[in-house]
Amino acid sequence: MKPGPIIAFLVILGAFGFGARAFVANLTPYLSFAEAKKANRVVQVMGKLDKSQGGAIKEGNTMRFTLIEEKTGEKLAVRFKHTKPDAFDQAIQITAIGEYKDKIFEAEKLLVKCPSKYQGKDAEEKSYSSK
């Protein structure tokens with residue numbers, strides 16, 4: 001058998017393996033607040049905005065707010081270093097993508113789910129990024 005097809009097969013297999021590994025490494029799982037505090041990588045957390053403390057607090061281009069996990073009622077402080085999304089205050093659910101550092105969740109991106117004014121109970125999802 002000629003070495004050309006064997007080498008081509010090994011190159012294709014290596015490329016597939018590299019692509020699969022890169023794909024798995026870039027997955028951003030949804031975690032509970034407790035799990036997110038222990039994770040040392042970028043994750044997604046989801047909760048409702050804690051409006052009892054006045055919602056979001058603006059500090060220049062940075063805003064701080066607290067999310068409440070629906071199942072446990074646990075609270076998580078979040079910092080988002082970007083301008084406040086338009087639909088943030090009407091949000092029925094917020095997904096923060098980032099990493100837990102120094103007792104605060106540093107969000108790189110927010111997914112804001114707000115009630116749709118055209119579809120009744122259906123919700124529309126908007127994405128906001130600091131990148």
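Computed from a predicted model, the values in this text were never measured in an experiment.
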J.: Check K51 against D89 and note the closest heavy-atom contact, atom names and distance.
T.: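 Scanning both residues, the minimum pair turns out to be NZ-O, 3.0 Å.
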
J.: Kindly give the heavy-atom pair with the smallest separation between V45 and S32, and that separation in Å.
T.: CG1-O, 4.4 Å

J.: OG1/T95 to NZ/K109 distance, rounded to the nearest 0.5 angstrom?
T.: 10.5 Å

J.: Does F105 reach the side chain of L67, with side-chain heavy atoms less than 4.5 Å apart?
T.: no

J.: Got a second to check how far I92's CD1 is from K113's NZ, nearest 0.5 Å?
T.: 6.0 Å

J.: At their closest point, which heavy atom of K37 faces which heavy atom of E74, and how far apart are they?
T.: NZ-OE2, 3.2 Å

J.: What are the two closest non-hydrogen atoms of A107 and V78, and how far apart are they?
T.: CB-CG1, 3.9 Å

J.: State the CE-NE2 distance between M63 and H82, to the nearest 0.5 angstrom.
T.: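 These two atoms lie 10.0 Å from each other.
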
J.: Please report the closest heavy-atom contact between K75 and S52, naming both atoms and the distance.
T.: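 The answer is NZ-OG, 4.3 Å.
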
J.: Holding to side chain to side chain contact (heavy atoms under 4.5 Å, CB included), I want the full list of residues that pass it with K48, two or more places apart in sequence or in another chain.
T.: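 Listed in chain order: E70.
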
J.: What pairs with Y100 under ring pair (Phe, Tyr, Trp, His ring centres under 6.0 Å), at least two apart in sequence or on another chain?
T.: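 In terms of ring pair (Phe, Tyr, Trp, His ring centres under 6.0 Å), with neighbours along the sequence ignored, Y100 is linked to no residue.
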
J.: Evaluate the side-chain proximity of F80 to I94: yes if any heavy-atom separation is below 4.5 Å, no if none is.
T.: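 Not in contact.
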
J.: We want to know whether E59 and T62 form a side-chain donor-acceptor pair, criterion being a heavy-atom distance below 3.5 angstrom.
T.: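 Per modelled atom types, E59 and T62 side chains form no pair under 3.5 Å.
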
J.: Got R79 and D102 here, is their nearest side-chain heavy-atom distance under 4.5 Å?
T.: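 Counting from C-beta outward, R79 and D102 never come under 4.5 Å.
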
J.: So how far is it from L76 CG to F65 CZ, rounded to the nearest 0.5 Å?
T.: 9.0 Å

J.: Applying side chain to side chain contact (heavy atoms under 4.5 Å, CB included), name anything that partners A77, two or more places apart in sequence or on another chain.
T.: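 Residues passing side chain to side chain contact (heavy atoms under 4.5 Å, CB included) with A77: I104.
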
J.: Identify the two heavy atoms, one from V112 and one from A87, that lie closest to each other, and give their separation to 0.1 Å.
T.: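 In terms of heavy atoms, the two residues are closest at CG1-O, 3.7 Å.
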
J.: To the nearest 0.5 Å, what is the distance between CZ (F33) and CE (M46)?
T.: 9.0 Å

